[in-house]
Amino acid sequence: MAVGSMPFPSMPTLDGVRLGSAMAGIKKPDRRDVVVIELPETSTVAGVFTRNAFCAAPVKVAKEHLQRSAENGQVPRFWLINTGNANAGTGDTGLKDAQNSCTSVAEQVGANPYAVLPFSTGVIGEPMPMARFLDGIPVALGDLASDGQAWQNAAEGILTTDTRPKGASVTLAIGNREVVINGIAKGSGMIKPNMATMLGFVVTDAGIDQALLDRLLRETVDRSFNCITVDSDTSTNDACMLAATGTGVRIESDAHIEIFRNGLQRVMTELAQSIIRDGEGATKFVTLQVEQARSRQEALDVAFTVAHSPLVKTALYASDANWGRILAAVGRAPVNAFDVEKVIIELGDVRLVENGGRAAGYTEEAGSQVMANDEITIRICLGRGDDSATVWTSDLSHDYVSINADYRS
């Protein structure tokens with residue numbers, strides 16, 4: 001079930017970028033589950049990773065290889081992704097498996113193992129079926145292509161409980177030339193990123209220096225993937241990667257940086273929102289806007305408190321205009337010196353709360369009409385400052401419970 005499903009977008013070709021996939025049967029037969037993304041040697045690469053203390057073996061190896069590549073002046077040109085097994089909670093054996101998978105790619109392409117970054121998603125705590133995984137790598141390498149179909153196949157090859165592949169692309173005019181940004185992502189459950197997304201891979205043909213690329217990635221992730229939640233769970237495997245191939249326009253002037261940042265933000269936000277629209281069992285796409293806060297963090301704290309409330313999320317699923325649940329969630333948010341008399345809460349264009357209680361003009365009929373929609377906006381004005389934040393979430397349905405109860409079967 002997906003809210004506002006969109007077809008996979010057309011992906012322009014990026015010079016020197018190729019993607020390949022294979023069906024290795026890591027968890028299920030006859031589905032793509034191994035993906036390789038190849039970048040040109042002119043690329044710069046940035047990444048952000050989960051802060052979960054039990055971060056997966058591939059996360060540890062990817063971070064190490066990214067650092068080693070930077071120290072040795074190398075480019076991490078090959079991204080190796082598998083689905084069906086997270087290789088998390090697997091100890092030293094998992095680390096060796098992740099390293100061996102990188103070595104396998106390196107040997108077949110004539111590169112240093114540090115030039116390969118591994119990423120995994122799937123069941124936690126299960127040993128990686130390495131024989132099947134390693135058998136799939138040469139097949140994925142043999143499938144490398146640069147066209148739009150290769151992007152879609154790769155997007156399909158990184159899915160777990162997702163119902164559809166997720167992609168976004170923009171073409172920008174910078175100077176008298178075009179700059180392309182393509183991105184794919186996966187995620188549907190265990191979604192409350194604490195740095196990035198579940199798995200996201202974004203590539204542009206622009207030329208961008210390393211320090212600027214790092215900054216742009218963190219800035220745009222902070223206002224996209226770090227602003228979504230399905231179930232308040234942060235994965236052991238989250239990673240978001242950004243590569244600039246350097247085959248096109250160099251991004252250096254302040255004006256060009258601003259144009260590029262806005263385009264990158266569009267791609268990141270579209271990918272992040274597509275994850276919420278495809279949230280496990282989701283029937284609602286919910287935008288939480290918190291305004292007039294003393295700080296952006298305060299606005300985020302209020303928004304996530306509401307977004308994580310099981311009572312609010314189940315009311316959304318039931319299309320029940322039980323506005324008291326929203327009020328209660330706002331009231332327990334970690335905000336100091338809260339003046340409830342100044343708080344305004346609106347559901348779509350219907351005012352729910354003002355002056356410390358139910359708005360004078362509110363009617364149950366009006367609230368119920370808004371709650372019946374597939375896409376809902378909840379606006380919360382705190383009346384205590386000038387900062388704001390927007391968070392996107394979904395409802396909590398019977399299907400979410402069923403999907404996760406049956407996940408390992």
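Side chains included, hydrogens not; waters and symmetry mates left out as well; all remaining heavy atoms used.
If you take CD1 on Ile276 and CD1 on Ile191, they are separated by 7.0 Å, rounding to the nearest 0.5 Å. Here Asn87 contributes atom CG and Leu95 contributes atom CG; the two are 7.5 Å apart, rounded to the nearest 0.5 Å. How far CD1 of Ile228 is from OG1 of Thr269: 10.0 Å, rounded to the nearest 0.5 Å. From Met241, atom CE reaches atom CZ of Phe119 across 4.5 Å, with rounding to the nearest 0.5 Å. Annotation: the span from Asn112 atom CG to Thr103 atom OG1 amounts to 9.0 Å, rounded to 0.5 Å. For the atom pair Ser319 OG and Ile376 CD1, the distance stands at 6.5 Å (nearest 0.5 Å).
For the pair Leu316 and Asp395, the tightest heavy-atom approach, listed with the atom from each and the gap, is CB-CB, 3.9 Å. The two residues Val116 and Ala106 come nearest to each other via the heavy atoms CG2-N, 4.1 Å. The two atoms that bring Glu270 and Ala168 nearest to each other are CD-CB, 3.8 Å, heavy atoms only. Taking both residues in full, the closest heavy atoms of Leu382 and Ile380 are given as CD2-CG2, 3.8 Å, listed atom of the first, atom of the second, then distance. Nearest heavy-atom pair across Met268 and Cys240 is CE-SG, 4.1 Å. For Ile137 against Ser104, the heavy-atom pair with the smallest separation is CD1-OG, 3.9 Å.
Atom CZ of Arg266 sits in a sparse spot, with 12 or fewer heavy atoms from other residues, nucleotides or ligands closer than 6.0 Å. Other residues, nucleotides and ligands contribute over 12 non-hydrogen atoms within 6.0 Å of the CD atom of Gln149. Crowding of Gln297 atom CD: a count of heavy atoms from other residues, nucleotides or ligands under 6.0 Å exceeding 12. The neighbour count for Arg132 CZ, taken as heavy atoms of other residues, nucleotides or ligands under 6.0 Å away, is above 12. Environment of CZ in Arg223: sparse, with no more than 12 heavy atoms of neighbouring residues, nucleotides or ligands closer than 6.0 Å. Counting heavy-atom neighbours within 6.0 Å of Glu365 CD, excluding the residue itself, gives a total of 12 or less.
A heavy-atom distance below 4.5 Å is not found between the side chains of Val139 and Val34. The closest side-chain heavy-atom distance from Thr90 to Met128 is not below 4.5 Å. Using a 4.5 Å cut-off on side-chain heavy atoms (C-beta onward), Asn100 and Phe133 make no contact. Residues Cys102 and His65 meet the side-chain proximity criterion, which asks for heavy atoms closer than 4.5 Å. At least one side-chain heavy atom of Asp222 sits under 4.5 Å from a side-chain heavy atom of Arg296. For the pair Gln108/Pro138, a side-chain contact is recorded, criterion being any heavy-atom separation below 4.5 Å from C-beta on. At least one side-chain heavy atom of Thr83 sits under 4.5 Å from a side-chain heavy atom of Thr121. Side-chain contact between Lys192 and Phe304 is present, with heavy atoms from C-beta onward closer than 4.5 Å.
Under the 3.5 Å distance criterion, the side-chain polar atoms of Asn72 are left unmatched by any main-chain donor or acceptor of Gln74. Distance alone, capped at 3.5 Å, is enough to place a donor-acceptor pair between the Thr220 side chain and the Leu217 backbone. Lys284 contributes a side-chain N or O that, together with a main-chain N or O of Asn373, makes up a donor-acceptor pair within less than 3.5 Å. Side-chain atoms of Ser397 come within 3.5 Å of backbone atoms of Gly281 as a donor-acceptor pair (strictly under, hydrogens ignored). Side chain of Arg325 to backbone of Leu311: a donor-acceptor contact under 3.5 angstrom is found. For the pair Asp15 (side chain) and Thr247 (backbone), a donor-acceptor distance under 3.5 Å is absent. Listed for the Ser101 side chain is a donor-acceptor partner under 3.5 Å among the backbone atoms of Ala98. No side-chain donor-acceptor contact under 3.5 Å links Lys166 to the backbone of Ala155. In this structure a side-chain-to-backbone donor-acceptor pair under 3.5 Å is missing from Arg379 to Glu291. Formation of a donor-acceptor pair under 3.5 Å by the Asp209 side chain with backbone atoms of Ala211 is not found in this model.
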> Can Tyr362 and Leu347 be said to form a side-chain contact (heavy atoms from CB on, under 4.5 Å), step by step?
Replying inline: CA-CA 10 Å; Tyr362 173 75; Leu347 183 67; over 6 Å; no

>> Go through it in stages, so that I can follow the logic: the residues are Asn52 and Thr234, the test is side-chain hydrogen bond (donor to acceptor under 3.5 Å, both in side chains), and I'd like the CA-CA distance, side-chain angles, deciding distance and then a yes or no.
In response: CA-CA 7 Å; Asn52 192 307; Thr234 296; over 6 Å; no

>> Set out, in order, the CA-CA distance, both residues' side-chain angles and the distance that settles side-chain contact (heavy atoms from CB on, under 4.5 Å) for Val335 and Arg384, then state yes or no.
In response: CA-CA 11 Å; Val335 176; Arg384 50 193 273 120; 3.5 Å; yes

> Are Val179 and Asp205 close enough, and set up right, to give a side-chain contact (heavy atoms from CB on, under 4.5 Å), and what steps lead you there?
Replying inline: CA-CA 6 Å; Val179 170; Asp205 55 4; 3.7 Å; yes

> What do the steps show when you test Ser388 against Gln289 for side-chain contact (heavy atoms from CB on, under 4.5 Å), and what is the final call?
Replying inline: CA-CA 7 Å; Ser388 62; Gln289 298 174 342; over 6 Å; no

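Within the structure, no pair that satisfies the ring-ring contact (aromatic ring centres under 6.0 Å, His included) test touches residues 206-225, not counting sequence neighbours. Among pairs with a residue in residues 17-47, none fulfils ring-ring contact (aromatic ring centres under 6.0 Å, His included), at least two apart in sequence or across chains.
Ser169 meets the side-chain hydrogen bond (donor to acceptor under 3.5 Å, both in side chains) test with Asn182; sequence neighbours excluded.
In this structure, Lys27 does not pair ionically with Glu126, as no charged nitrogen and carboxylate oxygen lie closer than 4.0 Å. Remark: Glu375 engages Arg277 in a salt bridge, criterion side-chain N to carboxylate O under 4.0 Å.
For Thr163 and Asp278, the side-chain atoms include at least one donor-acceptor pair closer than 3.5 Å. Ser120 and Asn82 are linked by a side-chain donor-acceptor pair at a separation below 3.5 angstrom, with hydrogens and angles left out of the test.
A ring-centre distance under 6.0 Å is not found for Tyr317 and Tyr400.
Ring-plane geometry between Trp79 and Phe201 is classed as tilted, the angle between the planes lying from 30 to 60 degrees on a 0 to 90 degree scale.
Considering Val45, Val267, Leu264, Val203 in turn, Leu264 is the only one that fulfils the side-chain contact (heavy atoms from CB on, under 4.5 Å) rule with Leu242. Partner of Cys227 under the side-chain contact (heavy atoms from CB on, under 4.5 Å) criterion, chosen from Val221, Thr390, Leu300: Leu300.
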